[in-house]
**Q** 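Take a look at this one; I'll ask things after.
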Amino acid sequence: MRLWLLRHGEAEPQAASDAARELTAHGRQEVQQAAAQLAGRPLTAIVASPYVRAQQTAELVRSELGFGGKINTVTWLTPDSDPRDALKYLDERERAEVLLVSHQPLIGALGGLLVHGHRQEPLPMRTASLAELEGDIPAAGLMELLALIHPR
């Protein structure tokens, strides 16, 4: 399995609610840089948090890549979700190439759990950071971090 973890781009600091915060112009540029790293990859799914900034990030990536599938929106990719819920989803897609679009602290915790087997060493995911992981089984401690790319 090849797993891509993408934190949303820079978002406006305030909105009616945290979930309603939108990407800034700079955030859109960051996401376009991240999407360029995914060019040519045979993604089988794009899965995103329902928060507006994550949806905008996923849609930008989908558009940049010309990905024909729909964006799967799930509630277990919100900032304070339990990484184990993501593991349950990934467990059913062992041979897939999946992009998860989410937030801190979840995205860093999930990456750390997959690579190190625990949550004490989260991946340092800035806005629009993209992590590439690979492994035979998407389980705690069984995936290898191939790359961690931060936007310029």
**Q** Are any non-hydrogen side-chain atoms of L146 and L133 less than 4.5 angstrom apart?
**A**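 Result no, sub-4.5 Å side-chain heavy-atom pair not found.
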**Q** If only atom types and distance count, is the side chain of S63 paired as donor or acceptor with the main-chain N or O of L60 below 3.5 Å?
**A**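 Checked: no pair found.
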**Q** Just do the side chain to side chain contact (heavy atoms under 4.5 Å, CB included) check on R41 and W4 with the steps written out, would you?
**A** CA-CA 10 Å; R41 297 302 317 176; W4 300 89; 3.6 Å; yes
**Q** Which pairs count as side chain to side chain donor-acceptor pair (under 3.5 Å) when at least one residue sits in residues 42-51, sequence neighbours excluded?
**A**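 Side chain to side chain donor-acceptor pair (under 3.5 Å) check on residues 42-51 returns S49-H103.
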**Q** Could you check if a side-chain atom of I71 sits within less than 4.5 angstrom of a side-chain atom of E59, using non-hydrogen atoms only?
**A**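 Yes; the side chains approach each other to less than 4.5 Å.
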**Q** Find out whether T75 and S81 are in side-chain contact, i.e. whether some heavy atom of one side chain is under 4.5 Å from a heavy atom of the other.
**A**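 No, too far: nothing below the 4.5 Å cut-off.
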**Q** If you group Ile, Leu, Val, Met, Phe, Trp and Tyr by side-chain heavy-atom gaps below 4.5 Å, do I107 and L145 land in one group?
**A**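 I107 clusters together with L145.
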**Q** Quick one: which residue pairs count as a salt bridge (charged side-chain N to carboxylate O under 4.0 Å, His left out) with a foot in residues 133-152, not counting sequence neighbours?
**A**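 Pairs touching residues 133-152 that pass the test: R2-E134.
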**Q** Which heavy atom of A58 sits nearest to which heavy atom of A48, and what is that distance?
**A**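 Smallest heavy-atom distance, with atoms named: CB-CB, 3.8 Å.
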**Q** Answer yes when R53 and D18 have at least one side-chain N-carboxylate O distance shorter than 4.0 Å, and no when they do not.
**A**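 Salt bridge: yes.
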**Q** So I46 and V98, do their side chains get closer than 4.5 Å, heavy atoms only?
**A**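 Of all side-chain heavy-atom pairs linking I46 with V98, none is under 4.5 Å.
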**Q** Which heavy atom of H150 sits nearest a heavy atom of P124, and at what distance?
**A**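 Looking at all heavy atoms of both residues, the closest pair is CE1-O, 3.0 Å.
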**Q** Can you confirm whether P83 sits close enough to L106 that some side-chain heavy atom of one is under 4.5 Å from a side-chain heavy atom of the other?
**A**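 Yes - at least one pair of side-chain heavy atoms lies under 4.5 Å apart.
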**Q** Does the pair D85/K88 count as a salt bridge with the N-to-O cut at 4.0 Å?
**A**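 Counted as a salt bridge, because a side-chain N and a carboxylate O are separated by less than 4.0 Å.
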**Q** If every non-hydrogen atom of L123 is compared with every non-hydrogen atom of A131, which pair is closest and at what distance?
**A**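 Shortest heavy-atom separation between L123 and A131 comes out as CD1-CB, 4.0 Å.
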**Q** Any chain of hydrophobic side-chain contacts (each under 4.5 Å) joining L43 to V47?
**A**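 No, because L43 and V47 fall into different hydrophobic clusters, even though each may have its own neighbours under 4.5 Å.
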**Q** Keeping Q32 on the side-chain end and A36 on the backbone end, is there a donor-acceptor pair under 3.5 Å?
**A**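 No, the answer is negative, given that no donor and acceptor are paired below the 3.5 Å cut-off.
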**Q** For a quick check under 3.5 Å, do E30 and T127 share a side-chain donor-acceptor pair by atom type?
**A**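 Per modelled atom types, E30 and T127 side chains form a pair under 3.5 Å.
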**Q** So which pairs with a foot in residues 62-84 pass ring pair (Phe, Tyr, Trp, His ring centres under 6.0 Å), sequence neighbours left out?
**A**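 Pairs touching residues 62-84 that pass the test: W76-Y89.
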**Q** Counting only N and O atoms by type, is there a donor-acceptor contact under 3.5 Å from the side chain of R7 to the main-chain atoms of M125?
**A**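 Yes; judged by distance alone, with no hydrogens or angles, the pair exists.
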**Q** What's the separation between atom CG in L100 and atom CG in L6, rounded to the nearest 0.5 Å?
**A**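 Atom-to-atom, L100:CG and L6:CG are 9.5 Å apart.
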**Q** Looking only at non-hydrogen atoms, find the nearest pair between E10 and T24 and report the distance.
**A**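 Reported closest heavy-atom pair: OE1-OG1, 2.6 Å.
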**Q** Can you check whether P138 reaches M143 side chain to side chain, under 4.5 Å on heavy atoms?
**A**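 Sidechains of M143 and P138: in contact.
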**Q** Using a 3.5 Å distance criterion without hydrogens, assess whether the side chain of S102 forms a donor-acceptor pair with backbone atoms of L77.
**A**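 Present.
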**Q** Would V61 and L99 count as a side chain to side chain contact (heavy atoms under 4.5 Å, CB included) here? Give the steps.
**A** CA-CA 10 Å; V61 170; L99 170 66; 3.7 Å; yes
**Q** Quick one: hydrophobic cluster around L142, which other residues, with the 4.5 Å side-chain cut-off, linked directly or via members?
**A**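 Hydrophobic cluster check, L142: joined to I137.
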**Q** Go through the steps to decide whether V31 and Q33 satisfy the test side chain to side chain contact (heavy atoms under 4.5 Å, CB included), and finish with yes or no.
**A** CA-CA 5 Å; V31 171; Q33 288 176 30; over 6 Å; no
**Q** Under 4.5 Å between any side-chain heavy atoms of P50 and T78, yes or no?
**A**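 Of all side-chain heavy-atom pairs linking T78 with P50, at least one is under 4.5 Å.
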**Q** Which pair of heavy atoms, one from A35 and one from E64, lies closest together, and at what distance?
**A**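 Heavy atoms of A35 and E64 come nearest at CB-CB, 3.8 Å.
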**Q** May I have the list of side-chain donor-acceptor pairs in residues 109-122 shorter than 3.5 Å, sequence neighbours left out?
**A**
residue, atom, partner, partner atom, Å
H118, ND1, Q120, N, 3.2
H118, ND1, Q120, OE1, 3.1

**Q** Going by the rule side chain to side chain donor-acceptor pair (under 3.5 Å), which residues pair with T73 if we only count those two or more places apart in sequence or in a different chain?
**A**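 Checked T73 against side chain to side chain donor-acceptor pair (under 3.5 Å); matches are Q55.
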**Q** Does R95 reach the side chain of M1, with side-chain heavy atoms less than 4.5 Å apart?
**A**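 Heavy-atom side-chain distance check fails, nothing below 4.5 Å.
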